Amino acid sequence: MADPRPLSAAPARGTCVVQAPAKINLHLEVLGLRSDGFHELAMVMQSIDLMDRLHLADRADGRIELSADCPGLPLDQDNLIVRAAEALRRHVGRAGLGATMRLDKRIPVGAGLAGGSSDAAAALVGLDALWGLGLPRQDLHGLAADLGSDVPFCLEGGTVLCFGRGERLEPLPPRSVPPLGVLLLKHPRLSVSTPWAYRLCRERRGAEYLRGEEAFERRRRALRTSSLVQALRGLAPLPPIRNDLESVVAAEIAGIGTGMGLLRSCEGALAVAMSGSGPSLFALFPDPAAAARARSALAGELAEAGFDSWCCRFLPHGASLVESGRER
Ligand code: C5P
C-alpha cells in the first residue's frame, strides 16, 4: 500500500526513549579526603525500578531544548541533562547537533536517589543513539565522571561496588543477586543538598578520617570480602547496612528519625537505612511481596507522618534505551 503521508511533510526525525533508574546505597563508607577536595568513598550501589523517562527527538537547528513535568526543575545549564548533551557534542566536535528532550520525572529530587545523575546518564545513552555516534563505552564513562560522581554508576547500573569519589566501578554478577523487595520513603517537604551533607560530615567526623592510599585500599579489600557482598551473592544473611552520612544528616533533619522508626517497626524487614546523602530511607525485605505487605500495614502511619512511599525491586541495569524510531 502507498504511504498515505503527503510528500511535503517535514523530514523524518529520529526519536528515542530512555529509562533512568534511581539507586539506593547498600553501603556508604566515607574513608577520607582526597587531594581534589572530594571524599574518598567505598560504596555498594543498587539500581531500583523507580525510574524517570527521557524522551528525545533530533532537531536540525543545533539547539538543545529540555522540558519536564516537574515544576521548579532547572531546564538550562543547571540541569545535568543539558550539560550532558553539550559535553557529548563537544566531545565529538559537532556543535550543530541538536535535540528536543522531555523528562518525565518520577524520582524525587534532592533525595539521595541519584535522580539527576541518572537523567544525565540517560541523556548520554539516548543522544549517543539518536545522533548515531556509537561512542565506545569508555568514552561515555569518561564524560559521565566529568558530569558527577554518581553518573558512571548510573550508566552501568545493577549492583556495583563504587570506589574513588564514586566513579571507580566493580560490578557484581547480576544473576547472583537475590531478588529482594524495597520499601522506599521520602518526605515531600524534606530534601538534602549533597555538598551540604559532605561538608557536615567533614566537620563532624573529619578527625576520624583515614589518611593515605594504603589505609583506603585496606577498606576496599574489606568491602570486597564483606558479609554484605557475601549476602548479595546469595551466600549469607543480610547484615545491617552502613551509611556514614546517616547519623550526620539525621542529627539535622528530624523527619529522618521518624521515618527510620516506622521502617524498623515493619515485620520482616531485613535491614533499614538512609540512601546516599538522604533524606530518602528504605527497608529491604526477602521479596517484593513482603515489601508490599509492609507498606499496606504501615499505610495509616505513613499518611499521618506525611511520607510518600514506593515498593521497588532491584534492577540489573542502569540507563537504558527502551524505544527508538522515526517520527514526522
Ligand atoms: O560529584 P557530584 O557533583 O555529585 O558531587 C557533589 C558534591 O558532593 C561535591 O561538590 C562535593 O562537595 C560532594 N562530594 C564529595 N565527595 C564525593 C562526592 C561528592 O565530597 N565523593
Side-chain angles (χ1 to χ4, degrees), residues 20-47 52 73-74 76-88 105 107-124 140-157 160-170 191-213 215-217 219-220 223 242-249 252-253 274-280 318-319:
K23 62 82 180 161
I24 53 175
N25 291 79
L26 302 179
H27 184 87
L28 193 167
E29 191 176 341
V30 176
L31 303 184
L33 269 184
R34 299 156 50 96
S35 52
D36 60 7
F38 279 74
H39 283 82
E40 183 72 27
L41 305 174
M43 303 188 284
V44 179
M45 307 260 247
Q46 174 64 57
S47 306
D52 291 344
L73 202 71
D76 56 9
Q77 271 79 3
D78 284 345
N79 193 301
L80 276 181
I81 294 174
V82 174
R83 292 227 283 273
E86 290 177 347
L88 190 58
K105 194 83 194 136
I107 307 172
V109 176
L113 297 169
S117 301
S118 195
D119 296 342
L124 292 177
L140 291 180
H141 271 268
L143 290 166
D146 289 343
L147 288 164
S149 306
D150 287 347
V151 185
F153 165 77
C154 293
L155 263 186
E156 180 76 32
V160 182
L161 275 63
C162 302
F163 300 119
R165 60 185 172 87
E167 86 293 8
R168 281 175 53 189
L169 309 183
E170 296 182 15
S191 68
V192 165
S193 133
T194 306
W196 170 82
Y198 279 105
R199 217 168 31 243
L200 200 65
C201 183
R202 188 177 173 177
E203 277 169 31
R204 303 282 147 83
R205 303 194 49 241
E208 305 154 31
Y209 283 1
L210 300 175
R211 280 167 219 277
E213 176 53 27
F216 295 162
E217 185 53 30
R219 294 305 309 154
R220 291 182 202 121
L223 183 58
R242 171 173 178 179
N243 179 344
D244 288 348
L245 296 177
E246 193 176 295
S247 58
V248 172
V249 172
E252 304 292 319
I253 298 183
M274 186 177 87
S275 181
S277 51
S280 64

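Below, all heavy atoms of this structure are taken into account, side chains as well, without hydrogens, waters or symmetry copies. Remember, it's 1-based here, ligands and their atoms both numbered in the order they're listed. Treat the numbers as computed from the prediction; the structure is a model and nothing was measured.
At the shortest separation from atom 5 (O) of ligand 1 among protein heavy atoms lies F38 CE2, 4.0 Å. Ranking protein heavy atoms by distance to atom 15 (C) of ligand 1, first place goes to H39 N, 3.5 Å. For atom 14 (N) of ligand 1, the closest non-hydrogen atom of the protein is Y198 CD1, 3.5 Å.
Note: an N/O pair closer than 3.5 Å links S149 and ligand 1 by distance alone.
Under the 4.0 Å criterion applied to side-chain N and carboxylate O atoms, R165 and E40 are not assigned as salt-bridge partners. Contact check on K23 versus E156 returns no salt bridge, with no Lys/Arg side-chain nitrogen under 4.0 Å from an Asp/Glu carboxylate oxygen. Classification of R83 and E86 as a salt-bridged pair fails, no side-chain N sitting under 4.0 Å from a carboxylate O.
Here the SG-CZ distance, from C162 to R220, works out to 12.5 Å after rounding to the nearest 0.5 Å.
Shown in contact with L41 at under 4.0 Å from a heavy atom are these atoms of ligand 1, numbered in order with element: 21 (N). Heavy-atom contacts of G148 reach the following atoms of ligand 1: 1 (O) (cutoff under 4.0 Å). Heavy-atom proximity to P195, at under 4.0 Å, picks out these atoms of ligand 1: 7 (C), 8 (O), 12 (O).
Looking only at distances, a side-chain donor or acceptor of S275 sits under 3.5 Å from a matching main-chain atom of G112.
Look at T194 and you'll find a heavy atom under 4.0 Å from some atom of ligand 1.
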When you look at L161 and M43, which way does the side chain to side chain contact (heavy atoms under 4.5 Å, CB included) test go after all the steps? CA-CA 6 Å; L161 275 63; M43 303 188 284; over 6 Å; no

